[in-house]
Protein chains: 2
Amino acid sequence: MALTAKKPTIDDVARRSGVARVTVSRVLNGGPNVSDAVRAKVIRAVEELDYKVNPQARSLAGGASRLLAFVFASDPENEPNSYYESALELGALRACLALGYQVLIQNVPQSMPDRQKRVLDLITTQRCEGLILSPPYSDDIALIDAALAQGCRVVAVSPGGAGCGKADGVGIDDEAGGYDMARELLRLGHRRFGFLAGLEGHLSADRRLEGFKRALAEQGLGSEAYVALRGDFTFRSGTRLAPELLDHSLRPTALVCANDDMAAGVLSAAHARGLSIPADLSITGFDDAPVAGIVWPPLTTVHQPVKDLGQRAVELLVARLTGANSAPGPVFELLDHAVVSRQTTAPG
Amino acid sequence: MALTAKKPTIDDVARRSGVARVTVSRVLNGGPNVSDAVRAKVIRAVEELDYKVNPQARSLAGGASRLLAFVFASDPENEPNSYYESALELGALRACLALGYQVLIQNVPQSMPDRQKRVLDLITTQRCEGLILSPPYSDDIALIDAALAQGCRVVAVSPGGAGCGKADGVGIDDEAGGYDMARELLRLGHRRFGFLAGLEGHLSADRRLEGFKRALAEQGLGSEAYVALRGDFTFRSGTRLAPELLDHSLRPTALVCANDDMAAGVLSAAHARGLSIPADLSITGFDDAPVAGIVWPPLTTVHQPVKDLGQRAVELLVARLTGANSAPGPVFELLDHAVVSRQTTAPG
DNA sequence: ACGCTTATTGGAAGCGCTTCCAATGTGTCT
DNA sequence: AGACACATTGGAAGCGCTTCCAATAAGCGT
């Protein structure tokens with residue numbers, strides 16, 4: 001096996017460029033007070049040697065690990081491939097690449113008994129400086145507080161409630177998303193609805209229901225106009241719960257789902273009982289995941305820029321870490337959503 | 001903001017347990033030659049202090065970063081959520097958690113001009129000790145050689161060809177998978193086929209076509225019995241290429257796809273032109289991704305244990321790094337596959 | 001009881017980098 | 001011209017850990 005020549009160190013660069021180690025360090029970190037001539041010399045030496053800083057050494061000396069952690073909750077056994085989380089991760093990865101940070105992906109199912117400790121240990125053990133929390137962790141105040149207390153910055157992705165008060169956040173206006181979707185259905189003439197909500201604790205998803213209710217209320221429609229059930233965001237929970245919604249005495253003409261996977265499940269169940277979609281029943285999702293375009297007919301849904309959420313989350317975090325953002329209170333960044341009308345909705 | 005008390009160091013533990021720093025280090029690393037009494041004392045001190053080793057310091061001093069890199073190719077713009085890669089990643093994550101390693105996820109689209117350098121830089125820059133290559137990187141001999149030359153261990157996931165000769169690997173027998181699927185279709189009486197292959201360079205996916213051909217050949221069927229096209233593994237490429245397959249003069253009665261996403265696309269296109277599946281046309285996929293159960297009717301496909309592939313990949317890698325595996329040549333681990341007959345296949 | 005090996009412990013050095021602070025040089029103000 | 005600010009450089013210390021090697025204690029045969 002070809003033994004690798006030892007990697008060049010900062011001292012090699014210093015020697016080669018005829019300056020002190022500390023000067024090289026300054027150049028590497030874009031520090032001030034370096035003359036152009038010296039800077040050029042150093043940069044040339046770096047290139048000639050193909051020198052790369054050792055992040056471990058830098059972290060040890062400087063106290064900054066440039067390590068972020070992205071925590072998501074989905075249970076691999078149930079949901080091996082949640083679009084929402086994959087896309088968030090991809091966005092985070094992309095931003096990290098651009099910013100020179102690294103992100104440790106951590107999958108901590110809600111079902112784990114010691115899940116909070118698990119996340120906190122990650123910070124301690126790996127020396128992560130920042131935490132990106134996806135739902136439902138983004139609403140876990142105790143966790144956020146604990147992380148903050150350890151000096152770890154945190155950003156919540158799509159927090160639904162009070163989480164906003166503690167940490168920075170990114171998200172869309174889920175309430176408005178639910179409202180917009182309901183408005184569209186009302187416009188089409190629907191007056192009796194089924195609503196398939198998400199897992200308990202996912203506050204942002206619950207806000208979709210609230211927006212839905214608000215739109216109904218504007219038309220003078222109250223709780224007599226809909227029946228709501230809770231699924232777990234999976235396709236299977238959609239197929240499982242669809243019958244209960246469809247057979248309800250209310251006889252809904254439209255089924256509104258808190259995400260696309262469940263909507264796909266509902267759609268499948270509707271097919272199975274021979275319903276013609278959208279003629280017999282309108283179905284809507286949320287997220288605009290790939291599955292929305294894959295099912296037949298393609299799903300009307302609410303688009304949200306999930307990849308961008310992941311990206312902005314990292315950017316917010318890094319802004320805090322570098323001090324670029326020194327706002328005293330938490331900042332929340334709102335991204336746009338939009339109803340995408342495809343072919344599972346029709347006049348009711 | 002509550003300033004965090006400084007984290008305890010190994011010296012704190014040493015002081016507290018009344019031994020030397022080096023002894024604590026020995027206990028922490030499970031080293032030999034530590035008396036039970038001392039070991040117990042140290043462990044107690046560690047617990048009382050809630051001490052965690054600093055991985056950066058350990059890495060700097062010991063030269064082992066315990067960092068792995070997982071490289072995947074999908075272009076986020078096209079395929080934000082490939083089941084195959086997500087599942088691989090999840091498996092890798094799980095194994096890393098168990099083994100005390102960390103994995104850096106790296107998305108390097110094939111379209112990047114300097115993709116190989118990108119991957120190698122990752123090793124150098126982040127000091128990764130091991131590389132997990134998913135297709136098509138698992139067949140990139142130049143990349144594998146370069147990584148190996150840098151002293152980085154590598155394991156190829158589902159290599160299709162010569163990659164096996166250089167690095168350790170895990171995978172299923174893709175050739176047999178293609179063969180088995182074809183056998184099933186032949187058994188159902190089909191004699192004219194369309195085959196939707198994957199992207200060029202994905203050698204393991206190509207082997208599925210080889211297996212398919214072998215099964216046909218066994219029945220005396222040659223190239224007159226099928227028409228093959230190349231897609232890019234996406235749903236969209238399935239819908240796009242389906243017409244060409246269906247309208248071919250051969251008039252295939254079964255369409256065999258190299259993965260489930262494309263099969264779902266083909267299915268969708270078949271629906272669009274009013275075909276009744278599987279009565280008018282049989283369609284099969286490969287992978288047994290969630291989408292296989294989501295489309296209507298559910299897809300007949302070849303199951304492969306993708307999560308396990310990711311997990312075993314990490315385990316193989318770590319075995320090399322720790323010396324647990326010191327086989328002179330590369331080892332290849334074969335996992336099981338199985339045809340899963342659902343409802344897109346019927347007698348032809 | 002003596003020299004020997006073997007188990008257990010600790011001292012010291014140093015991984016590659018950043019931090020703090022002192023040492024120069026250069027220009028400006030009065 | 002002298003004092004002073006400022007820009008530019010380097011020396012030294014040390015981040016928290018592991019490695020190498022020396023030191024001591026304990027066990028054993030004869």
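Residue numbers begin at 1 in each chain, while the letters A, B, ... track the order of the sequences. Heavy-atom basis, side chains included; hydrogens, waters and symmetry copies ignored.
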Could A/D12 and A/R15 be called an ion pair, given the rule that one side-chain N must be under 4.0 Å from one carboxylate O?
yes
Tell me, which of residues 47-59 of chain B have any heavy atom that sits under 4.0 Å from an atom in DNA chain C?
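Per residue number, the list is empty: none.
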Considering heavy-atom distances to DNA chain C, does B/R127 or B/P32 have its closest nucleotide positioned more toward the 5' end?
B/P32
[X] has a side chain; which of [options] sits nearest to it?
{"X": "B/V34", "options": "C/dT9, D/dG16, D/dT9", "value": "C/dT9"}
{"X": "A/T9", "options": "C/dC21, C/dC15, C/dG16", "value": "C/dG16"}
{"X": "B/R26", "options": "C/dG10, D/dT9, C/dG16", "value": "C/dG10"}
{"X": "B/S35", "options": "D/dG16, C/dT8, C/dG10", "value": "C/dT8"}

Side-chain donor-acceptor contact under 3.5 Å, A/Y84 with A/S74
no
Side-chain donor-acceptor pair present, B/N29, B/R58, cut-off under 3.5 Å
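Indeed, the side chains of B/N29 and B/R58 share at least one donor-acceptor pair under 3.5 Å.
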Return no unless some side-chain N or O of [X] is found under 4.0 Å from OP1 or OP2 of [N].
{"X": "A/N33", "N": "D/dC6", "result": "no"}
{"X": "A/S25", "N": "C/dT19", "result": "no"}
{"X": "A/T23", "N": "D/dT9", "result": "no"}

Nearest-0.5 Å distance, NZ of residue B/K52 to OG1 of residue A/T125
5.0 Å
How many angstroms lie between atom CD of B/Q311 and atom CG of B/L316, to the nearest 0.5 angstrom?
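The CG atom of B/L316 is 11.0 Å from CD of B/Q311, to the nearest 0.5 Å.
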side-chain hydrogen bond (donor to acceptor under 3.5 Å, both in side chains) involving B/R26 - partner list, sequence neighbours excluded
none
Between A/V38 and B/I10, which is nearer to the 5' end of DNA chain D once each is assigned its nearest nucleotide?
A/V38
